[in-house]
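Okay, so here's the structure we're looking at.
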Amino acid sequence: MKHLLVIRLSALGDVAILVPVLRAAAAANPDVQFTVAAPPLLEPLFEAMPNVAFLGVKKKQSAVAIYRQLKSVGADAIADLHQINRVGRALALLRLDALLHLHPLKVRRIHKGRLSRWLMLRHWRTTPRRPQWQRYADVFRKLGILNTTPIPTPERRTPNTDLPIGIAPFAQHEGKIWPWENTAKLALMLAESGRQVLLFGSKEEAQQLESLAAQHKNIVSLAGRHTFREELDIIRSLSVMVSMDSANMHFASVLGTPVISIWGATHPDFGFYGYGQDRANALCADLKCQPCSAFGQKRCRYGDYRCLRAITPQQVVEKLLRP
């Protein structure tokens, strides 16, 4: 094998989980050219790997267009870490999966372990779900890569009180978002104690974050002000990041930044915890109804997301102050 195409077209956090696995694979196989096909925004995550090239692929195009773009790379093997195996929103990607099945090259696919979501949610405590990064590594091993190579854990910095604390309060689904009043209270508690607080979010969330930042001089909103590459540099410089089960947790994880994570409809032991993060830094109410969703998109059966409301700002502060 001389050229391996690695496909992971979404979601942002899932692509970030790939970084340490790919870094280990590329370092162990310097004679192999790797090309990563992923959302264009995420190119900075894969820089500084000498034998890794990046192919920005927009998901919102036809399956044939995506297939032609992938084929143009000229790879002689494919690691398919995306593998669409559920019906729903992305019909183009379902067709893409069919085209890849017909590809004459050597293709190895991820096994996502989703034969029955109901069984997965019901029995995950007795049959733990394997972490996503291990599933990625399995695909490389099927291709004869990473057979004996360990995946190194990013070195974690010791939290420094002279560095700012980041807060990323949003996520893709409501079932993964801490109540806003708790986020505001936490930010103000930290700001009033003399810590600088940096708020992370999208342009659409900027107004809400700016309104919070206006309440104290030690709170700054970064939403919509920086490029993704600049935001990564800022995350790398944080003392610690407070995050939901979101892409920001994974960005911080691959950059070596400690994360205090808050969990609701999903669960840190469900396979998508930040790579190399200390499990003790995950705040989860562990109610009987948790987890109720694999990805957080399911509506709360009680209508109040009590799993998220059970976690208090004081609990987060206690984690931040823990030696």
(message) So that I can tick it off, tell me whether Glu210 and Arg225 are bridged by a salt bridge, with the cut-off set at under 4.0 angstrom between side-chain N and carboxylate O.
(response) yes
(message) Any heavy-atom pair between the side chains of Met1 and Ile145 that's under 4.5 Å?
(response) yes
(request) Decide whether Ser243 and Asn248 meet the rule of one side-chain donor and one side-chain acceptor closer than 3.5 Å. (result) no
(request) Compute whether any side-chain donor of one residue and acceptor of the other, for Ser211 and Gln208, lie under 3.5 angstrom apart. (result) no
(message) Over 60° means perpendicular and under 30° means parallel, so tell me whether Phe170 and Trp180 are parallel, tilted or perpendicular.
(response) parallel
(message) According to a hydrophobic-cluster definition based on side-chain heavy atoms being under 4.5 Å apart (Ile, Leu, Val, Met, Phe, Trp, Tyr only), do Phe46 and Phe251 belong together?
(response) yes
(message) Could you check whether any side-chain heavy atom of Thr183 comes within less than 4.5 Å of a side-chain heavy atom of Pro313, counting everything from C-beta outward?
(response) no
(request) State whether Arg141 and Asp138 are salt-bridged, where the test is any N-O pair (Lys NZ or Arg NE/NH1/NH2 against Asp/Glu carboxylate O) under 4.0 Å. (result) yes
(message) Under 3.5 Å, is there a donor on one side chain and an acceptor on the other for Thr312 and Gln314?
(response) no
(message) Please check: side-chain N/O of Trp178 versus main-chain N/O of Gly264, any donor-acceptor pairing under 3.5 Å?
(response) no
(request) Before accepting this row, confirm whether a basic side-chain N of the pair Glu43/Arg229 lies closer than 4.0 Å to the acidic partner's carboxylate O. (result) no
(request) Salt-bridge test for Asp80 and Arg8: reply yes if a basic N is under 4.0 Å from a carboxylate O, no otherwise. (result) no
(request) May I ask you to check if Arg309 and Tyr305 form a cation-pi contact, with NZ or CZ under 6.0 angstrom from the six-membered ring centre and within 45° of the axis? (result) no
For a quick test of your reading: what N or O donor-acceptor pairs under 3.5 Å do the side chains of residues 24-37 make, sequence neighbours left out?
| residue | atom | partner | partner atom | Å |
| --- | --- | --- | --- | --- |
| Asn29 | ND2 | Ala25 | O | 2.9 |
| Gln33 | NE2 | Asn51 | O | 3.4 |
| Thr35 | OG1 | His3 | NE2 | 2.7 |

(message) Strictly distance-based, threshold 3.5 Å: is any side-chain N or O of His82 a donor or acceptor partner for the main-chain N or O of Leu9?
(response) yes
(request) Classify the side-chain pair Asp233/His226 by whether it contains a donor and acceptor separated by less than 3.5 Å. (result) no
(message) Check for me, please, whether Leu163 and Leu238 land in the same ILVMFWY cluster - side-chain distances under 4.5 Å, paths through other members count.
(response) no
